[in-house]
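Here the structure is laid out as structure tokens; the discussion comes afterwards.
Every chain is numbered from 1, with letters handed out A, B, ... down the list of sequences.
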Amino acid sequence: MTVRLRVAPSPTGDPHVGTAYMSLFNLAFVRQQGGQFVLRIEDTDRARFRADSEQQVFDMLSWLGLQWDEGPDKGGPFAPYRQSERLETYQPHVEKLLADGHAYYCWCTPERLQEMREDQQRRKVPTGYDRLCYGKTFEERAALPGCSDVPVVRMLIPDDPPLHFTDLIRGEVNAPMPDDQVILKADGFPTYHLAVVVDDHLMGITHVVRGEEWISSTPKHLLLFDWLGWERPAFAHMPLLRNVDKSKISKRKNPAARLTWFVEQGYLPEALLNFLGLLGYSLPSGEEIFTFSEMSESFDWTRVNTVGPVFDLDKLSWLNGHYIRELAEDDLAARLVPFLTEAGWYDGSAEHAALLAGSVPLIQTRMAVLSEVVDLLRFLFVADEDFVVDPVAVEKSLVGAVPVLTAAADALEPLTSWSTEAIQTAMDAALLDGLGLKRGKAYAPVRAAVCGSTIAPPLPESMALLGKDRVLRRLRGAPVL
RNA sequence: GUCCCCAUCGUCUAGCGGCCUAGGACUCCACCCUUUCAAGGUGGCUACGCGGGUUCGAAUCCCGUUGGGGGCACCA
């Protein structure tokens with residue numbers, strides 16, 4: 001039997017990093033087993049639905065190279081893959097559960113349920129539906145307070161539900177006693193619990209891989225599989241990604257919870273994927289730098305940790321820097337273009353392309369994320385009238401710097417060949433031999449005047465790229481103190 | 001509150017009874033290299049939460065405790 005797994009995000013906003021995390025582990029197993037990976041959109045929550053969210057999910061997973069075999073955009077033998085388009089699929093199963101006595105109607109208003117829970121908390125007993133509606137007709141129920149016109153359908157949880165199951169990652173797991181979960185809402189939409197079971201069965205899902213937060217509702221799902229006479233899939237509950245304070249990773253506390261953030265900051269998809277694979281997991285080889293294929297080949301559920309890892313940006317930055325350094329120069333240049341364009345500096349001309357190509361080797365080891373290119377190459381791409389020397393650099397390097405800058409300018413002015421070598425030779429002759437300065441001391445003011453900062457790519461190379469005119473202008477017009 | 005899950009350096013992890021005076025990576029610190037900043041090289045700091053067992057022997061097994069997390073929705 002071929003293995004079929006799925007990821008089932010809800011289109012409720014910016015795609016979540018957890019979706020990518022789950023997809024990675026799903027896919028690592030699927031590709032190893034030669035099975036299929038399904039992308040299903042769980043849009044049963046009308047209130048939180050966001051129209052553009054679905055496309056963003058597609059875009060982000062594609063960006064990461066996590067390709068699904070079936071989905072709303074691709075189609076497949078079990079279409080449709082949006083739950084909102086499958087409403088009629090769920091109905092007969094609800095009716096069967098009702099007919100078999102496994103489910104019942106409930107007319108309780110949200111207000112009544114709210115009061116009931118508050119009362120239960122006060123009395124320090126487990127919260128759960130009190131079955132006021134169970135066994136009653138609408139007329140009987142309507143005589144009591146807190147009754148609405150349109151009912152929901154609830155599961156009738158037996159006294160001995162399956163509270164025990166085998167998890168691929170955790171082994172034997174105990175789950176809590178469920179309460180009478182709503183499976184069909186008043187608006188006619190199924191809740192997650194019903195929809196996920198029906199769809200997983202109908203779509204032939206063999207392994208349910210999801211976050212640890214679902215352990216507590218697994219008994220409900222087990223019950224539904226059993227009641228409907230369906231074979232239970234295997235379960236793997238992944239650890240939850242955490243914020244630095246160890247709470248479940250959230251968009252509120254952590255910018256990295258939004259997948260689009262990584263694109264904006266200039267993380268490479270291969271670095272993020274590698275990093276995600278390092279969270280709660282390690283390769284048998286101990287290797288920390290690996291590709292998806294390498295992870296997939298040796299993938300093993302029992303190697304997944306049960307502890308929720310903190311999403312540590314420091315390590316991701318290092319990894320990203322590593323991958324940036326591994327890139328071919330023209331590849332890196334291409335990936336930098338969007339950031340320079342965004343800054344308004346890059347027009348795609350041959351001149352700009354050449355400038356960028358020349359700078360890549362100078363900055364490749366100096367970036368942790370691609371967006372840093374903006375600061376690194378400001379001196380080179382910024383319009384002349386917008387060029388300013390950082391006040392910190394002025395204070396640190398340009399105090400009494402007129403003699404050095406003048407000597408440098410005078411030595412560079414007559415050059416006929418404007419190459420790195422010629423520039424360095426001329427500068428060294430004028431400043432080291434001429435003024436008797438050490439190289440560090442001599443280059444500092446020149447760097448500040450030309451690059452506008454105490455931190456910059458190697459100086460002669462930078463000057464060569466900038467061009468003679470601009471270098472001389474900056475040297476002679478520097479804001480010397 | 002209640003139920004469930006979990007517990008090795010600051011962080012990510014290796015470890016699945018003896019190979020552990022606990023290994024690797026990131027971070028941090030020092031040094032080297034060096035025109036700044038990086039990158040690179042070398043070295044260093046830092047952990048088995050606690051208490052009981054079991055065993056010749058425990059980071060590894062059991063119990064308790066403490067701590068953390070998650071669930072308890074007509075959200076997923």
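- The gap from the P atom of B:rU46 to that of B:rG10 amounts to 11 Å, rounded to the nearest Å.
- In this structure, A:Lys468 places its NZ atom where more than 12 heavy-atom neighbours from other residues, nucleotides or ligands lie under 6.0 Å away.
- What separates CZ of A:Arg210 from P of B:rA76 is a distance of 13 Å, to the nearest Å.
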Check: protein-nucleotides 67-69 of chain B nitrogen or oxygen pairs below 3.5 Å:
| unit_1 | atom_1 | unit_2 | atom_2 | d |
| --- | --- | --- | --- | --- |
| B:rG69 | O4' | A:Arg242 | NH1 | 3.4 |

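- In summary, the aromatic rings of A:Phe275 and A:Phe311 are positioned with their centroids under 6.0 Å apart.
- The side chain of A:Thr365 lies closest to B:rA38, out of B:rA76, B:rU35, B:rA38.
- Side-chain rings of A:Tyr134 and A:Tyr129 stay apart, their centers remaining 6.0 Å or farther from each other.
- Remark: A:His16 pairs with no residue by the side chain to side chain donor-acceptor pair (under 3.5 Å) rule, at least two apart or across chains.
- Taking atom CE of residue A:Met155 and atom C1' of nucleotide B:rC72, one finds them 15 Å apart after rounding to whole Å.
- Pair assignment for B:rA39 gives none, since no Watson-Crick or G-U wobble pairing has each distance under 3.5 Å.
- For B:rG1, the paired nucleotide is B:rC72, the pair qualifying as Watson-Crick or G-U wobble because both relevant distances are below 3.5 Å.
- Toward the 5' end of RNA chain B, the nearer of the two residues A:Cys106 and A:Pro126, judged by each one's closest nucleotide, is A:Pro126.
- Although no hydrogens or angles enter the test, the distance criterion places a donor-acceptor pair under 3.5 Å between the side chain of A:Ser148 and the main chain of A:Trp107.
- Contact check, A:Arg40 against B:rA76: no side-chain N or O comes under 4.0 Å of OP1 or OP2.
- In the region residues 12-19 of chain A, proximity to RNA chain B at under 4.0 angstrom, judged on heavy atoms, holds for none of the residues.
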Acceptor/donor pairs from residues 7-14 of chain A side chains to any protein atom, 3.5 angstrom cut, sequence neighbours excluded:
| unit_1 | atom_1 | unit_2 | atom_2 | d |
| --- | --- | --- | --- | --- |
| A:Ser10 | OG | A:Glu42 | O | 3.2 |
| A:Asp14 | OD2 | A:Arg258 | NH1 | 2.8 |

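- Note on A:Asn174: every side-chain N or O is 4.0 Å or more away from OP1 and OP2 of B:rC3.
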Atom pairs, protein N/O to nucleotides 23-28 of chain B N/O, distance under 3.5 Å:
| unit_1 | atom_1 | unit_2 | atom_2 | d |
| --- | --- | --- | --- | --- |
| B:rG24 | N2 | A:Glu288 | OE2 | 2.9 |
| B:rA25 | O4' | A:Glu288 | OE1 | 2.7 |
| B:rA25 | O2' | A:Glu288 | OE1 | 2.8 |
| B:rA25 | O2' | A:Lys315 | NZ | 3.4 |
| B:rA25 | N3 | A:Lys315 | NZ | 3.1 |
| B:rC26 | O2' | A:Lys315 | N | 3.4 |

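- Listed nucleotides: B:rA76, B:rC3, B:rC74. Nearest to the side chain of A:Pro176: B:rC3.
- When each of A:Lys185 and A:Gln120 is assigned the nucleotide of RNA chain B bearing its nearest heavy atom, the one mapping closer to the 5' terminus is A:Gln120.
- Scanning all heavy atoms of the two residues, the minimum distance from A:Glu461 to A:Pro458 falls at OE1-CB, 3.3 Å.
- Within 4.0 Å of A:Arg46, counting heavy atoms only, lies no atom of the nucleic acid at all.
- With B:rG71, B:rC72, B:rU8 as the candidates, the nucleotide lying closest to the side chain of A:Ser216 is B:rG71.
- Using atom C1' as the reference point in both B:rC6 and B:rG49, the two lie 13 Å apart (nearest Å).
- Between B:rC31 and B:rG68, the distance separating the two C1' atoms is 39 Å to the nearest Å.
- In terms of heavy atoms, A:Lys438 sits closest to A:Leu432 at C-CD2, 4.0 Å.
- Taking the six-membered ring wherever Trp is involved, the centroid distance between the rings of A:Tyr81 and A:Trp68 does not fall below 6.0 Å.
- One C1' atom belongs to B:rC45, the other to B:rC29, and the distance between them is 8 Å to the nearest Å.
- Separating the CD atom of A:Gln121 from the P atom of B:rG71 is a distance of 14 Å, rounded to the nearest angstrom.
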- Between A:Asp375 and A:Arg366, does a salt bridge (charged side-chain N to carboxylate O under 4.0 Å, His left out) hold up when you go through it step by step? CA-CA 11 Å; A:Asp375 282 332; A:Arg366 283 164 237 267; over 6 Å; no
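- Listed candidates were B:rA7, B:rU36, B:rC12. Nearest to the side chain of A:Thr306 is B:rA7.
- Side-chain atoms of A:Ser10 and base atoms of B:rA76 include no donor and acceptor less than 3.5 Å apart.
- A gap of 14 Å separates the P atoms of B:rG69 and B:rU8, to the nearest Å.
- In the set B:rA76, B:rG15, B:rC74, B:rG15 carries the atom at the smallest distance from any side-chain atom of A:Arg303.
- Contact annotation: A:Thr454 does not reach the phosphate of B:rC37 (side-chain N/O to OP1 or OP2, under 4.0 Å).
- Phosphate contact (OP1/OP2 of B:rC74, side-chain N/O of A:Arg117, threshold under 4.0 Å): present.
- At whole-Å resolution of the value, CG in A:Leu319 and P in B:rU13 are 14 Å apart.
- With P as the reference atom, B:rU34 and B:rA59 are 47 Å apart, rounded to whole Å.
- Of the side-chain N and O atoms in A:Asn305, one or more sit less than 4.0 angstrom from OP1 or OP2 of B:rA14.
- In this structure B:rC9 sits in no base pair that meets the Watson-Crick or G-U test at under 3.5 Å.
- Applying the 4.0 Å criterion to OP1 and OP2 of B:rG40, one finds that A:Arg325 has a side-chain N or O inside that range.
- Among the heavy atoms of the strands lying under 4.0 Å from A:Pro458 is at least one base atom, whether or not backbone atoms are also near.
- Between B:rA47 and B:rU42, the two C1' atoms lie 24 Å apart (nearest whole Å).
- Applying the 4.0 Å criterion to OP1 and OP2 of B:rU36, one finds that A:Lys441 has every side-chain N and O outside that range.
- B:rC4 atom C1' lies 15 Å from atom CG of A:Asp179, rounded to whole Å.
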Filtered N/O pairs between nucleotides 45-50 of chain B and protein, under 3.5 Å:
none

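- For the pair A:Leu241 CG and B:rC5 P, the interatomic distance rounds to 21 Å; values are reported in whole Å.
- The aromatic ring centres of A:His221 and A:Phe165 sit 6.0 Å or more apart.
- No contact: A:Pro178 has no heavy atom under 4.0 Å from any strand.
- Residue A:Pro460 is classed as a base contact, given a heavy-atom separation below 4.0 Å to a base.
- Between A:Arg366 and B:rA38, a side-chain N or O to OP1/OP2 separation shorter than 4.0 Å is absent.
- Counting non-hydrogen atoms under 4.0 angstrom, A:Arg122 reaches nothing in the nucleic acid.
- The interatomic distance linking A:Arg154 (CZ) with B:rC74 (P) rounds to 6 Å, in whole Å.
- Between A:Ser282 and the phosphate of B:rA14, there is a side-chain N or O to OP1/OP2 separation shorter than 4.0 Å.
- Shown here, B:rC50 forms a base pair with B:rG64; the pair counts as Watson-Crick or G-U wobble because both key distances fall under 3.5 Å.
- B:rG67 and B:rC48: their C1' atoms are spaced 15 Å apart (whole Å).
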